[in-house]
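Working notes, structure below.
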Amino acid sequence: MKNLRAQTDAKIAAGRKNNPDFMQGVDAIITKAKAFEEGKNALKVGEKAPSFELPNAEGKLISLDSLLEEGPLVITFYRGDWCPYCNLQLRALQAKLNEIKDLGANLVAISPQVPDGSLTKSEISEMDFIVMSDQNAKIASKYGVAWEVPEFMAEHMRVDRNLDLDKINNGNASVLPIPATFILNRKGIVTWNYVNVDYRTRSEPDEIIEALKKLS
């Protein structure tokens, strides 16, 4: 099976072939975002992670403290189950979930999607980790990974993909998380992170496994 980076690279290449104008526009936006250091305020290694209490896909509230009582935690912020890159990433994490749990850790995936019928029926909800809803990306903002989506990309989602993010997120559709992953030890301290404003590029699950091995 290809690693995650090979899968996302293949999807990017297909996008460049099938929709070159859009991908060039995304490249320009990402270049500008990197120049302005978007994501620079993300939690750093050694910092204490802000606490939270968020609903899971069934609407049950789960706190960070309760998760940390069970052991180290991998937190990944994703845009939503409508994002093909997010689906690739979360499937790749699902494939490594046993290894993550064997190292004593749990995995949670957080997006702005509200816990309604569509979320509970999504492919992501069938995976064996906790999916949580961060309406209006409030927790993503506390973790320094909330991003105001440029109108060029927002229009693409509305027009080309027919996505009604106001409805999907039941809130502010213009703010999404920068896809980011944090590893917290049992005290809630960040021991590893991956933050990249280019939503097409994600942390490799094997990198997460190696970081957890060092933690254990």
Side-chain angles (χ1 to χ4, degrees), residues 3-5 7-9 30-31 33-54 62-80 83 85-97 99-112 124 127 129-134 137-149 175-216:
N3 64 19
L4 178 57
R5 199 141 296 150
Q7 294 178 65
T8 54
D9 284 349
I30 297 302
T31 298
K34 287 182 176 180
F36 281 95
E37 297 185 272
E38 295 283 0
K40 67 179 179 181
N41 295 321
L43 281 183
K44 307 293 190 299
V45 171
E47 292 184 336
K48 174 85 170 178
S51 61
F52 59 76
E53 187 176 56
L54 293 172
I62 299 174
S63 70
L64 175 61
D65 288 344
S66 67
L67 292 166
L68 291 175
E69 286 176 1
E70 300 178 12
L73 187 65
V74 180
I75 300 176
T76 191
F77 288 90
Y78 71 103
R79 303 197 304 160
C83 170
Y85 297 96
C86 297
N87 280 279
L88 282 175
Q89 178 197 20
L90 295 178
R91 281 199 295 268
L93 286 170
Q94 170 69 29
K96 295 288 185 177
L97 190 59
E99 291 181 57
I100 291 172
K101 290 189 173 183
D102 285 346
L103 291 165
N106 282 320
L107 168 68
V108 297
I110 301 175
S111 86
I124 291 171
M127 297 181 183
F129 49 79
I130 300 171
V131 178
M132 306 181 84
S133 174
D134 176 25
K138 291 179 180 178
I139 303 305
S141 181
K142 287 184 177 181
Y143 279 62
V145 293
W147 189 43
E148 186 80 26
V149 179
V175 177
L176 292 174
I178 295 170
T181 302
F182 301 90
I183 294 178
L184 311 183
N185 65 17
R186 296 192 70 150
K187 294 181 180 180
I189 304 299
V190 178
T191 61
W192 182 90
N193 70 356
Y194 178 92
V195 181
N196 191 331
V197 72
D198 188 344
Y199 67 88
R200 301 166 297 184
T201 303
R202 309 299 174 95
S203 55
E204 195 66 50
D206 284 339
E207 297 168 354
I208 295 170
I209 298 294
E210 290 306 309
L212 286 172
K213 286 178 180 178
K214 293 177 182 177
L215 180 60
S216 62

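Position 1 is the first residue of the sequence; numbering continues from there.
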Residues L184 and L215: closest non-hydrogen pair is O-CD2, 4.4 Å

Rounding to 0.5 Å, atoms OG1 (T76) and CD1 (I183) come to a distance of 10.5 Å

Over all atoms of both residues, closest heavy-atom pair of V175 and P112: O-CG, 4.5 Å

How long is the straight-line distance from NZ of K96 back to CD1 of I208, given to the nearest 0.5 Å? 10.5 Å

Measure the shortest side-chain to side-chain distance between Q89 and Q7 over non-hydrogen atoms and say whether it is less than 4.5 angstrom. no

Atom CZ of R200 and atom OG1 of T8: how far apart are they, to the nearest 0.5 Å? 10.0 Å

Exactly one of W147, Y143, Y194 should register a ring-ring contact (aromatic ring centres under 6.0 Å, His included) with F77. Which one does? Y143

Please tell me if the side chains of V131 and L90 come closer than 4.5 Å, counting only heavy atoms from C-beta onward. no

What are the two closest heavy atoms between K101 and N106, and how far apart are they? CE-OD1, 4.2 Å

How close do F129 and L97 get, heavy atom to heavy atom, and via which atoms? N-CD2, 4.1 Å

Residues 47-54, side-chain donor-acceptor partners within the protein, below 3.5 Å, at least two apart:
residue, atom, partner, partner atom, Å
E47, OE1, K44, N, 2.8
K48, NZ, K187, O, 2.6

Could you check whether any side-chain N or O of R186 sits under 3.5 Å from a backbone N or O of E69, counting only pairs where one atom can act as donor and the other as acceptor? yes

Nearest 0.5 Å please: distance from the CD1 atom of I110 over to the CD1 atom of I139. 7.5 Å

List for me each residue that meets side-chain hydrogen bond (donor to acceptor under 3.5 Å, both in side chains) alongside K213, sequence neighbours excluded, and say none if there are none. E210

Nearest heavy-atom contact between L73 and L107 is CD1-N, 4.3 Å

Heavy-atom pair with the smallest gap, counting every atom of R202 and C86: NH2-SG, 3.3 Å

Can you list everything that forms a side-chain hydrogen bond (donor to acceptor under 3.5 Å, both in side chains) with S203? Sequence neighbours excluded, please. T181

Indicate yes or no for a side-chain donor-acceptor contact from N193 to the backbone of L43 under 3.5 Å, with no hydrogens or angles considered. yes

Return yes if some donor-acceptor pair links the side-chain N/O of E204 with the main-chain N/O of L4 below 3.5 Å, else return no. yes

